[in-house]
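Report on the structure given below.
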Protein chains: 2
Amino acid sequence: MFWDRFDGVRDNLMVTPLEKARRDPNSMKARILDSARKLFGENGYSGTTTRMIAKAVGIDISTLYYHWGEKADLYDAVLMATQEGLKQQLKNIEKVIHGKPLPERLEIAINMSCDYLSQNPEITNLILLNYFTNSQNGDIPNFNFIDIISDIAISMGLAMDKDKITKQAKARVMAVMLSLFNFIAGKKFLSPIIGAGSEEYLSVVKETLNFILIPAFIQGKNETL
Amino acid sequence: MFWDRFDGVRDNLMVTPLEKARRDPNSMKARILDSARKLFGENGYSGTTTRMIAKAVGIDISTLYYHWGEKADLYDAVLMATQEGLKQQLKNIEKVIHGKPLPERLEIAINMSCDYLSQNPEITNLILLNYFTNSQNGDIPNFNFIDIISDIAISMGLAMDKDKITKQAKARVMAVMLSLFNFIAGKKFLSPIIGAGSEEYLSVVKETLNFILIPAFIQGKNETL
DNA sequence: TATTTTCTCCATCAATTGATGCAAACATGT
DNA sequence: ACATGTTTGCATCAATTGATGGAGAAAATA
């Protein structure tokens, strides 16, 4: 019986399903999570069925439900994993730009972010789709934006204390993020409109972001927020 | 029999369903279109069912199908109507700002656009949701962005000829639009993050857009695109 | 009024959806 | 080999989806 097994703490007792999946990237849990992330990113929550995910992994839906339970729970885990990856990437950028003057900091940050996000396009899709559909639909789990916004605000020198960030500063960071995310997430839609090929698109985006953001934040540097 | 009626051209022979609906705003067609626009804007294409729309109008689904046929056709009409409204509003703005110097033009355009879009929030939702889901899903009708982009580019003095707009100019206009659209569409999601109430939110957004866009486009005014 | 056309709703369809029960397969330790 | 718990897939469920046929009501036409 299970209560006979007192030989120490069973290590997955206090471990979240997401963490369990991350420990072994080849586990069924992790494979499902990967496919789910891709598909949710492509089609959104209601546009993605559990059968689509199961088929992508090559398993039966009941196996999926065995590992992750409800569809909403799986989606929640996908958002968590995405969020973690993004935060990790922000830390990497922070390391590189630390100490440098603001214009250079911005340029490097834009450059690195563009590269990272365009190499993992499902991230921006996932976040933006979530925040659109979720702004109206309360029963879908939602992405935690505020942490990331705060981190960036501090990194960009718009605030000192994580708890004392002005509305204006948050809004400015948000504008930056939204532009960037939209350009990446909407690549397939926007690149034909702009009339640029895949490689050219990324450089046009970088140039545009630099064009728009750098003068604003240089000018506003000494402004009181 | 219908072929006996040769008393002139029957005027709705060459009339699109959308136009027919616009002629009489109280017609069933128009009422369905209105509810559909609202719901598609709130929940996206796959998140909105024909039954939801019918229920909102207070009719049976078969009545809806009688008037609009396939769900995709109705969605298409919704996008068309939205697009027309947006273009009309752009013309209004153009009239007001015509002849004024660039910084003022930008400020007025931002101001008017913000007001218009926040009074018709389903517009931005519709467009953004469409462009996200459609960037991957080809069988859903899609919004015609390029016309609007071109109009704005000319109005902002980034180009002279509608057929000769550089990639950079298009990208810059797009960045402006995307920021604005996202702030409006994401109001419910973003305002708690910023920490602003409903009225305050709009003014913070306007301020932020001015802060970011005006220096960029002033600086870049004499640049060769 | 009579007839034709336009409209509305009920009932129903097949396909798809999220979700589960159960038995067989697999692994793991004794 | 045995008993244990862990995975997996088949079959199936009720609910929901987009969509239609047909009967009758309403409106227009004669």
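Numbers restart at 1 for each chain; the letters A, B, ... are given by sequence-line order, proteins then strands.
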| message | Strictly below 4.0 Å: does B:Tyr66 bring a side-chain N or O up to OP1 or OP2 of C:dT8? | response | no
| Length of the line joining B:Lys29:NZ and C:dT6:P, which is rounded to integer Å | 12 Å
| query | What is the distance, rounded to the nearest whole Å, between atom NZ of A:Lys71 and atom C1' of C:dT16? | reply | 12 Å
| query | Roughly, in whole Å, what's the span from CD1 in A:Ile61 to C1' in D:dA14? | reply | 14 Å
| field | Any side-chain heavy-atom pair of B:Glu207 and A:Gln168 under 4.5 Å | value | yes
| said: Taking the minimum atom-to-atom distance to the side chain of B:Asp60, which one of C:dC10, C:dA19, D:dG18 wins? | reply: C:dC10
| Length of the line joining A:Arg31:CZ and D:dT7:P, which is rounded to integer Å | 14 Å
| query | Looking at A:His67, does any N or O in its side chain come under 4.0 Å of the phosphate oxygens OP1/OP2 on D:dT6? | reply | no
| So what does A:Ile59 hit on the nucleic acid, given a heavy-atom distance under 4.0 Å: a base, only sugar-phosphate, or nothing? | sugar-phosphate
| query | Within less than 4.0 Å of OP1 or OP2 of C:dC7, is there a side-chain N or O belonging to B:Thr63? | reply | no
| Note, B:Ser155 side chain near B:Leu90 side chain (heavy atom, < 4.5 Å) | no
| message | Given B:Phe181, which partner from the list B:Ile123, B:Val176, B:Ile127 fulfils the side chain to side chain contact (heavy atoms under 4.5 Å, CB included) test? | response | B:Ile127
| Please give, in whole Å, the distance from D:dT17 C1' to B:Glu70 CD? | 14 Å
| query | Tell me: CG of B:Leu64 to P of C:dT6, nearest whole Å? | reply | 19 Å
| request: Apply side-chain hydrogen bond (donor to acceptor under 3.5 Å, both in side chains) to the pair A:Tyr45 and A:Asn130, showing each step before the final yes or no. | output: CA-CA 8 Å; A:Tyr45 183 77; A:Asn130 173 253; over 6 Å; no
| Can you tell me how far the CE atom of B:Met52 sits from the CD1 atom of B:Ile61, to the nearest 0.5 Å? | 13.5 Å
| said: If the cut-off is 4.0 Å, is A:Tyr65 near the phosphate of C:dT20, judged by side-chain N/O to OP1 or OP2? | reply: no
| message | Please determine whether any donor N or O and acceptor N or O are separated by less than 3.5 Å between the side chain of A:Ser62 and the base of D:dG9. | response | yes
| note | Here the distance between atom P of D:dC10 and atom CZ of A:Arg51, to the nearest Å, is 13 Å
| Separation of A:Phe40 atom CZ from C:dG18 atom P, in whole Å? | 8 Å
